[in-house]
Undergrad: 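Pasting a structure here, questions to come.
When a residue number appears, it is its place in the shown sequence, counting from 1.
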Amino acid sequence: MATQKSILNESRDIERAVALIQLGARLQVLEYETSLSYERLLRLYKEVAGKSPSKGQLPFSTDWFLTWQPNIHASLFLNIHEYLSKTSELEEIDTVIKAFRLYSEQMTASAIEPLLSITRAWRLVKFVDNGMLTLTKCSCCGGHFVTEPYENARQFVCGLCQPPARAGKGSSQGGLRLH
């Protein structure tokens, strides 16, 4: 019976790895979230993506998530993720995958270029889990936005209610323009 269970676990890991690869996840995410060997993941990545995985370090700084447009995208994703976490009994990585798919669908439906990659979304969840980032309610609109944990919630105003001075100027790729 133990052999059958490990085959099922391996099958689940392969299924998750394929889903993550199709969403554009970096190899380090696959290594962390599955028990498959590096060599198997590499072969799987090449088979699914048709190319070798990107090299280099994963983003580690929380700063990116706090800048204006990335914050709006990260906040949308994290709100979806939090909702799914509370309303479904998915394992954490499956919640990330499902939340990212919903975020991507929302971006497509709104004709907005997504700023968040699956790897950044995964990293965002890790930052929240480790208390490095959190969601804070905007005192103006009531929406919940990604902030540092020590943000004063009573005085916090989000980037939608109070955009930076140069917001919407020029041709940024985030698709959020305020004219």
Side-chain angles (χ1 to χ4, degrees), residues 2-67 69-135 145-146 172-176:
T3 312
Q4 190 175 16
K5 187 176 182 206
S6 73
I7 291 171
L8 290 174
N9 287 340
E10 183 178 30
S11 173
R12 195 172 302 118
D13 277 349
I14 291 170
E15 191 177 315
R16 283 182 179 140
V18 168
L20 287 165
I21 293 165
Q22 289 171 335
L23 292 172
R26 300 276 297 273
L27 195 59
Q28 294 95 320
V29 175
L30 306 177
E31 284 183 286
Y32 187 88
E33 293 296 342
T34 70
S35 59
L36 301 172
S37 70
Y38 176 82
E39 292 75 23
R40 290 198 66 194
L41 287 171
L42 195 55
R43 284 197 325 259
L44 187 62
Y45 199 102
K46 288 177 182 177
E47 186 176 329
V48 173
K51 61 181 183 175
S52 294
S54 305
K55 296 193 181 334
Q57 301 250 332
L58 292 180
F60 186 73
S61 174
T62 58
D63 294 344
W64 185 85
F65 298 102
L66 300 173
T67 58
Q69 283 186 336
N71 183 265
I72 294 165
H73 286 254
S75 298
L76 174 61
F77 166 80
L78 196 55
N79 277 282
I80 295 168
H81 179 273
E82 294 290 310
Y83 175 79
L84 290 174
S85 293
K86 290 175 183 166
T87 60
S88 63
E89 293 187 20
L90 297 170
E91 289 189 37
E92 179 62 36
I93 188 59
D94 297 325
T95 305
V96 171
I97 291 168
K98 191 171 193 103
F100 186 77
R101 285 182 175 148
L102 289 168
Y103 159 78
S104 297
E105 288 173 17
Q106 187 61 47
M107 292 297 99
T108 301
S110 302
I112 296 173
E113 184 71 30
L115 292 183
L116 203 59
S117 69
I118 184 69
T119 300
R120 281 204 191 268
W122 176 80
R123 180 56 92 185
L124 172 60
V125 170
K126 296 296 177 204
F127 284 151
V128 171
D129 288 348
N130 289 310
M132 298 168 73
L133 291 172
T134 192
L135 283 173
F145 292 84
V146 174
S172 66
Q173 290 185 340
L176 295 171

Undergrad: For S35, does its backbone N or O pair with a side-chain atom of D13 as donor and acceptor, under 3.5 Å?
TA: yes
Undergrad: Can you list the residues that meet the side-chain contact (heavy atoms from CB on, under 4.5 Å) rule with S54, with sequence neighbours excluded?
TA: R26
Undergrad: Would a distance-only check, ignoring hydrogens and angles, find a side-chain to backbone donor-acceptor pair under 3.5 Å from Q28 to G56?
TA: yes
Undergrad: To check you understand the geometry: which heavy-atom pair defines the closest contact between V146 and L124, and what is its length?
TA: CG1-CD1, 4.2 Å
Undergrad: Please name the pair of heavy atoms, one in L116 and one in F100, separated by the smallest distance, quoted to 0.1 Å.
TA: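 Scanning both residues completely, I find the closest heavy atoms to be O-CE1, 3.3 Å.
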Undergrad: For the CD atom on E15, are there more than 12 heavy atoms of other groups (residues, nucleotides or ligands in this structure) within a distance under 6.0 Å?
TA: no
Undergrad: If only side-chain N and O atoms count, and only distance matters, is there a donor-acceptor pair under 3.5 Å linking Q106 with H73?
TA: no
Undergrad: For L23 and I118, which heavy atoms make the closest approach, and how far apart are they?
TA: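 Heavy atoms of L23 and I118 come nearest at O-CG2, 3.4 Å.
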Undergrad: Would you name the heavy atoms of A17 and L30 that are closest together and state the gap between them?
TA: O-CD2, 3.8 Å
Undergrad: Should we say atom NZ of K126 is surrounded by more than 12 heavy atoms from elsewhere, each under 6.0 Å from it?
TA: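 Counting neighbours around NZ of K126, more than 12 heavy atoms of other residues, nucleotides or ligands fall under 6.0 Å, so yes.
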Undergrad: Return the set of residues passing side chain to side chain donor-acceptor pair (under 3.5 Å) with S61 (not counting sequence neighbours), or none when no residue passes.
TA: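 Partners of S61 under the side chain to side chain donor-acceptor pair (under 3.5 Å) test: D63.
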Undergrad: Got a sec, which pairs hit ring-ring contact (aromatic ring centres under 6.0 Å, His included) with one end in residues 16-41, sequence neighbours left out?
TA: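 For residues 16-41, and leaving out neighbouring residues, the ring-ring contact (aromatic ring centres under 6.0 Å, His included) pairs sorted by first residue read Y32-W122.
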